[in-house]
Amino acid sequence: MPELPEVETVRRQLEPVLLGHRLSSVSIADSRLTRPTSPQVVEQRLTGRQIVGVERRGKYLIFELGTVNWIVHLRMTGSFTTTDAGGREPETHIRARVVLDDGTVLRYRDVRRFGTWSLLDDVERDAFFSERLGPEPLGEAFDEAWLGTRLAGSRSTIKAMLLDQATAAGVGNIYADESLWRAGVHPARPAASLTGAEIERLIDALREALQQGIRRQGATLRDYRAPDGTNGAMQDEFAVYTREGEPCERCAAPVAKTRVAGRGTWFCPSCQDK
DNA sequence: CAAGGACCCTGTTTGC
DNA sequence: TGCAAACAGGGTCCTT
C-alpha cells in the first residue's frame with residue numbers, strides 16, 4: 001500500500017533514470033488504467049515527449065512532460081520497475097511498458113488494477129490537486145494552526161481525519177497508526193477533543209514517522225517494491241502496525257487490533273490516551 | 001452536508 | 001482437507 005514514503009522512494013529512484021529522456025514507445029495493456037481516456041490516446045500523447053520533471057504530491061507521482069503532466073496513482077498494488085537491473089522483476093500482472101530513448105524499459109505492474117494514469121495540463125493538474133489534497137505533511141503549511149482548525153470543525157475520529165487526504169496529503173493506514181502511537185493518542189478519539197499539546201505532538205509524530213519511512217525506503221508488506229526491485233525496510237520498525245499481541249515498546253502492554261474508520265487499526269491500549 | 005458504507009479488483013487468509 | 005466467504009484498503013461515488 002504505497003503511502004507518502006513509498007511514493008517518495010519511487011520518485012527518488014525514478015528521477016535519475018527518467019529525467020531528460022524521451023519516451024520512445026508506450027504500450028498499455030489494461031484499459032482500466034487510463035479510464036475514461038482510451039489507452040491508445042494516452043499512448044499516443046505520451047510517445048515522443050521528454051521528461052522534464054519527476055515530482056510527487058501526496059501519493060501521486062507527477063511526470064512533467066512540458067505541456068502535459070503524466071499523473072500516476074499506484075493505489076494498492078501498483079509499482080514501477082526499471083529493467084536492465086538484473087531482469088529479476090516479476091513478469092506477472094504487467095499492465096504497461098514504457099521504453100526510453102536510451103533503451104531503458106520501465107514496467108508498470110498492478111495486481112489489483114486499482115492504479116490510475118491520467119494526463120492533465122498545468123491548469124487541470126493544479127485544480128485536481130487543490131480540490132482534493134491538503135498540505136504536504138512534511139511542508140511548512142502543515143502546522144498547528146492548520147491542523148487545529150481542521151480538527152476543531154470535525155465530528156469524526158482522529159484516525160479518520162488523518163486518513164482524509166484533505167487533512168495531510170499522503171497519509172495512509174500505516175503512517176496514521178504509527179504517528180498516533182508516537183503521539184500517544186488513541187485512534188478512536190474524537191478529532192475535536194485533541195488538546196493543543198496533543199496536536200503539536202501529533203504533527204511532530206507524523207513527520208517523524210514519515211521521515212523514518214523514507215529513510216527505510218518504505219514498507220513492504222506484500223506487493224510494494226522500489227523501482228530497482230528492492231523491498232522497503234520500514235515494516236521491520238513498525239511500533240504497532242500489524243503487531244497485534246506483541247509488547248508495546250514504550251510500556252510493554254500487548255498491542256491491540258481494532259477497526260476504526262473502516263480500517264484495520266493497531267494501537268497500544270495502555271499508553272495511547274482514550 | 002459531513003460521515004459512513006459500497007464499490008472497484010485479485011490474491012491470500014480465514015472459517016466452517 | 002477443501003472450498004467458499006471474508007479480508008486487505010485508496011479513492012470515488014452514493015446514501016443517510
Side-chain angles (χ1 to χ4, degrees), chain A residues 1-10 28-37 39 56-62 71-80 90-96 108-118 120 124-125 127-134 136-137 149-180 187-193 206 210 213 218-225 232 234-235 238 240-245 257-267:
Chain A
M1 345 299 76
E3 304 180 26
L4 188 156
E6 288 74 28
V7 179
E8 178 62 19
T9 300
V10 172
I28 298 168
D30 179 8
S31 62
R32 235 198 95 81
L33 184 58
T34 58
R35 278 196 321 195
T37 309
R56 178 192 58 77
R57 181 79 172 88
K59 298 170 192 168
Y60 291 87
L61 286 164
I62 307 160
I71 295 178
V72 174
H73 197 302
L74 303 171
R75 295 291 179 96
M76 308 297 298
T77 57
S79 65
F80 279 108
E91 291 298 321
T92 58
H93 306 100
I94 302 297
R95 310 299 184 191
Y108 177 77
R109 179 175 193 256
D110 189 354
V111 172
R112 291 172 67 181
R113 302 167 68 212
F114 282 178
T116 57
W117 287 18
S118 55
L120 300 179
E124 293 169 329
R125 176 198 60 189
F128 180 83
F129 288 140
S130 69
E131 69 191 32
R132 63 199 81 207
L133 299 185
E136 288 291 320
T149 303
R150 274 207 53 94
L151 300 189
S154 167
R155 257 166 288 174
S156 60
T157 63
I158 184 60
K159 172 148 180 180
M161 288 305 286
L162 283 177
L163 291 175
D164 186 340
Q165 299 302 291
T167 302
V171 179
N173 208 31
I174 292 172
Y175 297 93
D177 281 5
E178 290 294 305
S179 62
L180 287 166
R189 278 271 298 279
S193 76
L206 179 58
L210 294 171
T220 297
L221 295 173
R222 182 170 302 160
D223 296 279
Y224 171 75
R225 297 283 182 284
M234 180 62 191
Q235 68 281 0
F238 287 160
V240 287
Y241 198 78
T242 68
R243 295 196 55 204
E244 182 180 12
K257 184 185 182 186
T258 183
R259 206 165 181 83
V260 179
R263 301 284 184 241
T265 299
W266 289 266
F267 68 105

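Fair warning: this is a prediction, and the values are worked out from it, not measured in the lab.
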Can you tell me the distance, in whole Å, between the [atom1] atom of [X] and the [atom2] atom of [N]?
X	N	atom1	atom2	value
A/E244	C/dC7	CD	P	14 Å
A/W266	C/dC7	CH2	P	13 Å
A/R263	C/dC7	CZ	C1'	12 Å
A/F128	C/dG10	CZ	P	16 Å
A/N173	C/dC7	CG	C1'	13 Å
A/K159	B/dG4	NZ	C1'	15 Å
A/L74	C/dA8	CG	P	22 Å
A/L4	C/dG11	CG	P	11 Å

Angle between terminal axes - the helix from B/dA2-C/dT16 to B/dC16-C/dG2, 5 pairs each end, rounded to 10°: 70°
Go through the side-chain N and O atoms of [X] and [Y] and say whether any donor and acceptor fall under 3.5 Å apart.
X	Y	value
A/R150	A/T167	yes
A/T92	A/R109	yes
A/E3	A/Y224	no

Atom pair CD1 (A/I71) and CG (A/L61), whose distance is rounded to the nearest 0.5 Å: 10.0 Å
For a quick test of reading the model: is some side-chain N or O of [X] closer than 4.0 Å to OP1 or OP2 of [N]?
X	N	result
A/H73	C/dG10	no
A/H93	B/dG11	yes
A/S154	B/dA3	yes
A/R32	B/dC9	yes
A/Q165	C/dG10	no

Test: A/R125 cationic atom under 6.0 Å from A/F129 six-membered ring centre, within 45° of axis: no
Listed nucleotide nearest any side-chain atom of [X], set [options]:
X	options	value
A/R259	B/dA3, C/dA8, C/dT12	C/dA8
A/M76	B/dA3, C/dG10, C/dG11	C/dG10
A/S156	B/dA3, C/dG11, B/dC9	B/dA3
A/L163	B/dT10, C/dG11, C/dG10	C/dG10

Checking the side chain of [X] only, and the main-chain atoms of [Y] only, is there a donor and an acceptor separated by less than 3.5 Å?
X	Y	value
A/R32	A/R113	yes
A/E136	A/G58	yes
A/E6	A/A219	yes

Could you check whether [X] gets within reach of a base, just the sugar-phosphate, or nothing at all, counting any heavy atom under 4.0 Å?
X	answer
A/R113	sugar-phosphate
A/R155	sugar-phosphate
A/G264	sugar-phosphate
A/K257	sugar-phosphate
A/Y241	sugar-phosphate

Residue whose closest nucleotide on DNA chain B lies nearer the 5' end, A/F114 versus A/G153: A/G153
Donor-acceptor pair present, A/R132 side chain and C/dG10 base, under 3.5 Å: no
Nearest non-hydrogen partners of A/A188 and A/T157, listed with the distance: O-CG2, 3.7 Å
